[in-house]
Amino acid sequence: MSLTILKSDKSAQAGPVSVTPARASVKPAAAVIPLRSGKPLAQVAREKLEAVAVAVIPPLVVLILLLIVWQLAFSRPGASLPTPLTVWREAKDLIIDPFFVNGSQDIGLGWRVLTSLQRVAFGFGLAAVSGVLIGALIGQSVWAMRGLDPIFQVLRTVPPLAWLPISLAAFRDSAPSAIFVIFITAIWPIIINTAVGVRNIPQDYRNIASVLQLNSIEFFWRIMVPAAAPYIFTGLRIGIGLSWLAIVAAEMLTGGIGIGFFIWDAWNSSRLPDIIVALAYIGIVGFLLDKIVAAVGTIVTRGVQAS
Amino acid sequence: MANNSYLKLEQIGKSFSRGPATTEVLRDISMIINEGEYVSIIGHSGCGKSTLLNIIAGLTPVTTGGVILEEREVNSPGPERAVVFQNHSLLPWLTVYENVALAVNKVFAGKKSRAERHDWIEHNLQLVHMLHARDKRPAEISGGMKQRVGIARGLAMEPKILLLDEPFGALDALTRAHLQDSIMEIHMKLGNTMVMITHDVDEAIFLSDRVVMMTNGPAATIGEILDVKLQRPRRRLELVNNKAYTEARAAVLEFLYARHKAPTIAA
């Protein structure tokens with residue numbers, strides 16, 4: 001018990017001072033304050049419930065209102081889009097059970113999302129590792145920046161799908177092509193943010209490194225990565241968002257069993273309710289991906305920039 | 001004072017070039033610092049005293065001349081010339097202990113066992129009275145405490161020379177006095193060689209064996225070197241009416257404000 005209080009104490013103190021670009025939510029601090037003040041359990045529970053209610057009720061009300069408007073707008077006969085009730089009636093199996101398997105192409109959307117996520121994991125993972133390394137190089141070396149930065153600034157404006165034909169030609173297979181599209185989409189913000197972070201490392205930290213005679217590997221891990229972490233995580237967060245945007249589009253063209261291809265398939269067989277359910281899945285997963293990267297960033301960068 | 005001419009500055013000159021314009025910051029700085037000596041370098045802002053310290057540290061290359069430590073020229077940074085920076089420069093993502101450990105683990109990598117290094121880190125934190133805050137991060141401790149940790153990190157490298165760059169400049173007067181007392185105590189106990197940059201006359205005289213007074217830039221150089229003939233240990237309160245102290249103080253003030261006024265005041 002005493003241990004947990006000690007721990008929450010620490011995080012509460014570190015919380016408000018470590019303002020980082022990657023940090024967006026103030027929930028962790030709010031969650032530990034009641035413990036610190038030592039209020040009775042019932043009151044703590046009530047306060048927590050209130051906090052949850054404040055966060056959940058407004059969007060829920062708006063959602064219900066939107067659904068009602070949608071229902072009214074498209075309920076006349078011959079409407080071009082299905083109403084929420086039609087979606088519920090016709091795509092109930094997709095909504096209720098994300099993980100059913102009725103055949104090779106008749107599977108729950110959860111499986112399809114997982115397939116897409118796997119591609120994103122490969123592409124984004126590659127982009128994260130190489131993006132941080134290239135970004136560190138550009139941030140560290142003036143000549144690398146002069147040489148590479150203008151080229152990157154041009155390349156990063158190329159839309160993800162414009163890379164697809166050339167990667168199909170290069171890899172002669174759709175699976176690595178889709179991963180390459182993710183990679184090339186996600187890498188630019190990671191490179192650019194890492195480079196900015198590395199360039200902004202205070203001279204003092206560099207002086208310490210040179211007095212201690214840290215070699216470049218030690219400098220990278222001990223000084224550069226932690227000092228630039230807030231920037232790196234900003235880049236990773238933008239990158240994961242772009243990856244998720246790109247995978248859906250790429251899968252529409254490359255096929256397979258991802259969520260993107262599902263939408264394309266549903267469009268071809270005029271299953272509009274299925275498309276709407278898939279959109280909801282994509283939105284929620286994208287939201288969760290963003291929150292996960294942000295949360296990891298908050299944990300990792302705790303304390304940085306608070307000097 | 002066993003080893004004379006421990007650290008030698010030989011005709012150090014430094015110019016910065018930006019395009020066609022060249023600014024000469026330091027010219028012809030020569031002096032000898034003995035082992036165990038506490039030397040302060042004092043001068044008006046912008047006279048190049050921090051540049052001089054960075055040259056001794058090896059962080060800034062010289063244009064002419066050189067720095068010789070124990071008969072060997074030094075021209076790159078190294079842990080045998082540890083620096084205590086003005087704004088503490090602790091790494092904010094590491095705890096107090098880890099900040100010192102980063103230095104100790106690097107400097108004593110092959111020379112001390114893991115347990116010895118741990119004891120050495122704690123010993124140095126104890127020396128600056130910061131062991132109680134070993135698991136705190138820099139953001140959680142006060143400015144004076146951060147500077148104490150900075151000093152502990154410098155001392156823990158077991159440097160031949162400890163370079164202090166306006167170590168108390170950013171602190172309030174009371175905290176500053178406390179830290180000056182701590183530094184004096186440490187200097188008495190360990191007898192290490194220290195070179196300190198300051199613009200505080202009292203601080204310079206209180207702590208130093210010799211006070212180096214710099215002329216104003218451009219092309220600043222050593223104007224005068226004052227021997228502070230005060231017995232150690234020195235006590236702040238007793239010095240107020242001490243004749244040698246007031247004379248030394250008057251000499252430095254005379255140099256700084258009568259003969260070498262700050263450029264802005266002179267203009």
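Throughout, protein chains are lettered first and strands after them, A, B, ... in sequence-line order, and every chain is numbered starting at 1.
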Query - Atom group of B:Arg81 that falls short of 4.5 Å from chain A, counting heavy atoms - result: backbone
**Report entry** A:Phe122 CZ: over 12 foreign heavy atoms closer than 6.0 Å
**Finding:** no
Requested in this report: May I ask you to check whether over 12 heavy atoms, not counting those of A:Arg146, lie within 6.0 Å of atom CZ?
Outcome: yes
Query raised in the report: In terms of heavy-atom contacts, does NE2 of B:His178 have more than 12 from other residues, nucleotides or ligands at under 6.0 Å?
Result: no
Query raised in the report: Shortest non-hydrogen contact from A:Ser210 to B:Pro77?
Result: O-CB, 3.4 Å
**Report entry** Under 4.5 Å from any heavy atom of chain A - which part of B:Ala57
**Finding:** neither
Query raised in the report: Within a radius of less than 6.0 Å around CD of B:Glu185, do more than 12 heavy atoms belonging to other residues, nucleotides or ligands occur?
Result: yes
Report summary line: For B:Leu90 and A:Tyr205, the nearest pair of non-hydrogen atoms, with its separation, is O-CE2, 3.9 Å
Report task. Could you tell me whether the side chain of A:Arg222 reaches within less than 4.5 Å of the side chain of B:Leu91, counting heavy atoms only? Result -> no
Report task. Give a yes or no on whether the backbone of B:Pro79 and the side-chain of A:Gln213 come within a donor-acceptor separation of less than 3.5 Å. Result -> no
**Report entry** Any side-chain heavy-atom pair of B:Met157 and A:Val211 under 4.5 Å
**Finding:** yes
Query raised in the report: Where on B:Asn87 is there a heavy atom nearer than 4.5 Å to chain A: the side chain, the backbone, both, or neither?
Result: side chain
Report summary line: A:Leu212 and B:Lys106 have their tightest heavy-atom pair at O-CG, 3.3 Å
Report summary line: When rounded to the nearest 0.5 Å, the distance separating CD1 of A:Ile208 from CZ of B:Arg153 is 4.0 Å
Query raised in the report: Does CZ in A:Phe287 sit with more than 12 non-hydrogen atoms of other residues, nucleotides or ligands closer than 6.0 Å?
Result: no
Report task. Determine, step by step, whether A:Thr301 and B:Trp93 satisfy the side-chain contact (heavy atoms from CB on, under 4.5 Å) criterion, reporting the C-alpha distance in whole Å, the side-chain angles of both residues, the deciding distance to 0.1 Å, and the verdict. Result -> CA-CA 8 Å; A:Thr301 62; B:Trp93 54 89; over 6 Å; no
Query raised in the report: Which distance, rounded to the nearest 0.5 Å, do you find between the CD of A:Gln203 and the OG of B:Ser89?
Result: 10.0 Å
Query raised in the report: Between atom CG of B:Asn54 and atom CG of A:Asn207, what is the distance when rounded to the nearest 0.5 Å?
Result: 6.5 Å
Query - Between CG on residue A:Asp204 and CG on residue B:Asp165, distance to nearest 0.5 Å - result: 9.5 Å
Query raised in the report: So which of B:Val83, B:Leu59, B:Val107 has the biggest tally of heavy-atom pairs under 4.5 Å with chain A?
Result: B:Leu59
